[in-house]
Number of protein chains: 2
Amino acid sequence: MALDKIDRKILTLLQRDATMPVAEIGRKVGLSTTPCWRRIQKMEEDGIIQRRVAVLDPVKVNVGVTVFVSVKTNEHNDSWMRKFSGVIDEFPEVVEFYRMSGDVDYLMRVVVPDIGAYDTFYKRLISKINLTDVSSAFAMGQIKYTTALPLDFAIISDDDK
Amino acid sequence: MALDKIDRKILTLLQRDATMPVAEIGRKVGLSTTPCWRRIQKMEEDGIIQRRVAVLDPVKVNVGVTVFVSVKTNEHNDSWMRKFSGVIDEFPEVVEFYRMSGDVDYLMRVVVPDIGAYDTFYKRLISKINLTDVSSAFAMGQIKYTTALPLDFAIISDDDK
DNA sequence: AGTGAAACTTCCGCCGT
DNA sequence: ACGGCGGAAGTTTCACT
């Protein structure tokens with residue numbers, strides 16, 4: 001699963017624009033079409049490339065407001081977590097969900113059109129599962145958002161300087 | 001910029017899998033290739049579809065740890081924000097960055113391999129810009145992450161039931 | 001592992017409804 | 001706006017170095 005310099009270049013390009021033809025990617029990384037195609041294929045099989053998706057403009061689809069919701073709970077067992085997780089899966093407004101260390105137990109990012117819609121979401125959420133301590137923090141604006149992960153930390157194959 | 005039922009179906013499919021051929025999308029939404037292709041084209045021109053990207057597995061590219069970094073500041077002017085924003089842009093580890101309301105002024109999501117790498121990031125960050133009050137919260141696990149935005153709130157065209 | 005080209009699939013503009 | 005057709009372009013396999 002080690003990636004060499006060329007693999008990382010390919011991934012950098014695909015993280016920016018997944019519509020780029022394999023031939024052009026090959027040209028940019030100094031490879032002809034076939035080996036470049038095989039590398040991409042392999043990274044898909046290995047699950048390094050999970051999927052290719054369309055990224056939409058949040059404002060234009062009317063979910064310009066992000067709310068971070070922190071949850072504290074007394075239920076620290078695995079089955080409760082799974083139940084919670086199942087409930088969250090039913091809410092497409094929740095786009096990210098993390099189990100945290102520290103004083104907050106769970107953190108989620110919720111996208112909605114406005115404060116009113118958030119209130120509706122909140123009521124629907126607490127009706128589905130009992131949550132003791134919930135606090136919401138509203139984002140006034142998204143300054144940076146990228147799906148591109150940094151590749152500087154990826155395991156580098158030995159024979160690659 | 002109003003979207004009808006078919007447009008929303010198309011977007012749902014493309015948010016899941018952007019490699020799906022236009023002919024197949026058309027079939028699924030009850031349209032032939034050409035009009036379906038034209039709708040997608042239009043939504044790209046309108047900027048509703050921003051881009052198509054490859055989504056990578058964070059663990060497999062060695063950035064399995066997410067840290068949420070909260071920043072409070074005394075500098076509440078626009079030029080300072082722009083400077084901060086410029087600094088953040090230089091850090092690929094910061095994948096999301098929000099201006100917040102409430103007691104925290106800024107919130108960012110940072111992805112790194114481990115705590116040690118976060119410490120390195122943190123030192124590099126504070127060396128670039130003076131930050132008074134910074135606090136970090138570590139995620140123990142990502143339970144849900146999707147790039148797909150909910151389309152239930154999108155503006156619906158009048159002649160669409 | 002790399003190249004080149006052939007076979008197949010998909011895209012995308014043109015024209016008609 | 002929707003649909004069909006056809007050339008252009010991209011993808012994927014194959015034979016060879």
Side-chain angles (χ1 to χ4, degrees), chain A residues 1-57 60-61 147-148 151 154-161, chain B residues 1-57 60-61 147-148 151 154-161:
Chain A
M1 198 139 67
L3 301 171
D4 67 4
K5 218 168 196 170
I6 295 174
D7 286 328
R8 294 207 310 277
K9 270 192 193 175
I10 292 172
L11 291 176
T12 302
L13 293 170
L14 285 178
Q15 284 197 111
R16 248 203 294 275
D17 177 13
T19 68
M20 188 178 290
V22 182
E24 191 183 340
I25 298 173
R27 201 175 46 70
K28 295 207 184 200
V29 304
L31 232 54
S32 72
T33 311
T34 307
C36 184
W37 179 82
R38 268 203 278 261
R39 280 168 181 264
I40 294 170
Q41 212 61 16
K42 176 137 182 31
M43 291 192 285
E44 270 168 2
E45 277 165 30
D46 292 349
I48 294 167
I49 298 173
Q50 276 186 335
R51 59 214 314 208
R52 289 146 189 257
V53 301
V55 176
L56 310 188
D57 183 323
K60 292 194 171 141
V61 296
T147 52
L151 297 174
I155 313 296
I156 295 162
S157 70
D158 309 341
D159 42 47
D160 181 47
K161 291 285 151 289
Chain B
M1 199 138 66
L3 301 170
D4 67 6
K5 219 168 195 170
I6 295 175
D7 286 329
R8 294 207 309 279
K9 271 192 191 174
I10 293 172
L11 291 176
T12 302
L13 293 169
L14 285 178
Q15 284 197 113
R16 248 202 296 273
D17 177 12
T19 68
M20 188 178 291
V22 181
E24 192 183 341
I25 298 172
R27 201 175 45 71
K28 295 207 184 200
V29 304
L31 232 54
S32 74
T33 311
T34 308
C36 183
W37 177 80
R38 268 200 286 258
R39 279 166 180 263
I40 294 171
Q41 214 61 17
K42 173 134 182 34
M43 292 192 284
E44 270 168 1
E45 277 165 31
D46 292 348
I48 293 167
I49 298 173
Q50 276 185 335
R51 58 211 317 207
R52 289 146 188 258
V53 300
V55 176
L56 310 187
D57 183 324
K60 291 192 172 144
V61 297
T147 53
L151 296 173
I155 314 296
I156 295 162
S157 69
D158 310 340
D159 41 48
D160 182 46
K161 291 283 150 292

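Proteins get letters first, then strands, A, B, ... in listed order; numbering begins at 1 in each. Just so it is clear, the structure is predicted and the values come from calculations on it, not from any experiment.
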Acceptor/donor pairs from residues 25-33 of chain A side chains to any protein atom, 3.5 angstrom cut, sequence neighbours excluded:
none

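When the side chain to side chain contact (heavy atoms under 4.5 Å, CB included) test is applied to A:Glu44, the partners found at least two apart in sequence or on another chain are A:Ile40, A:Gln41, A:Ile49, A:Arg52. Considering only residues two or more places apart in sequence or on other chains, B:Asp57 meets the side chain to side chain donor-acceptor pair (under 3.5 Å) condition with none of them. For B:Thr12, the side chain to side chain contact (heavy atoms under 4.5 Å, CB included) partners are B:Arg16, B:Leu151, not counting sequence neighbours.
Protein atom CD of B:Glu24 is 15 Å distant from nucleotide atom C1' of C:dC11, rounded to whole Å. Atom-to-atom, CZ of A:Arg39 to C1' of C:dG2 comes out at 11 Å; the value is rounded to the nearest Å. Atoms CD (B:Glu44) and C1' (C:dC11) sit 12 Å apart, rounded to a whole Å. When rounded to the nearest whole Å, the span between CG of A:Leu31 and C1' of C:dT3 equals 10 Å. Rounded to whole Å, the distance from CD1 on A:Ile40 to C1' on C:dG2 is 16 Å.
Looking at B:Arg51 and A:Asp17, no side-chain N of the basic residue comes within less than 4.0 Å of a carboxylate O on the acidic one, giving no salt bridge.
With hydrogens and angles disregarded, no donor-acceptor distance shorter than 3.5 Å links the side chain of B:Asp46 to the backbone of B:Ile48.
For the segment residues 48-57 of chain A, no residue has any heavy atom less than 4.0 angstrom from an atom of DNA chain D.
For the salt bridge (charged side-chain N to carboxylate O under 4.0 Å, His left out) test with A:Asp7, the passing option among A:Lys42, A:Arg38, A:Arg39 is A:Arg39; the others fail.
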Polar pairs (N or O, both sides) under 3.5 Å between protein and nucleotides 10-17 of chain D?
from   : atom 1 : to      : atom 2 : distance (Å)
D:dT11 : OP2    : A:Val22 : N      : 2.8
D:dT12 : OP2    : A:Trp37 : NE1    : 2.6
D:dT13 : O4     : A:Thr34 : OG1    : 3.4

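The nearest pair of heavy atoms linking B:Ala54 to A:Ala18 is N-CB, 3.7 Å.
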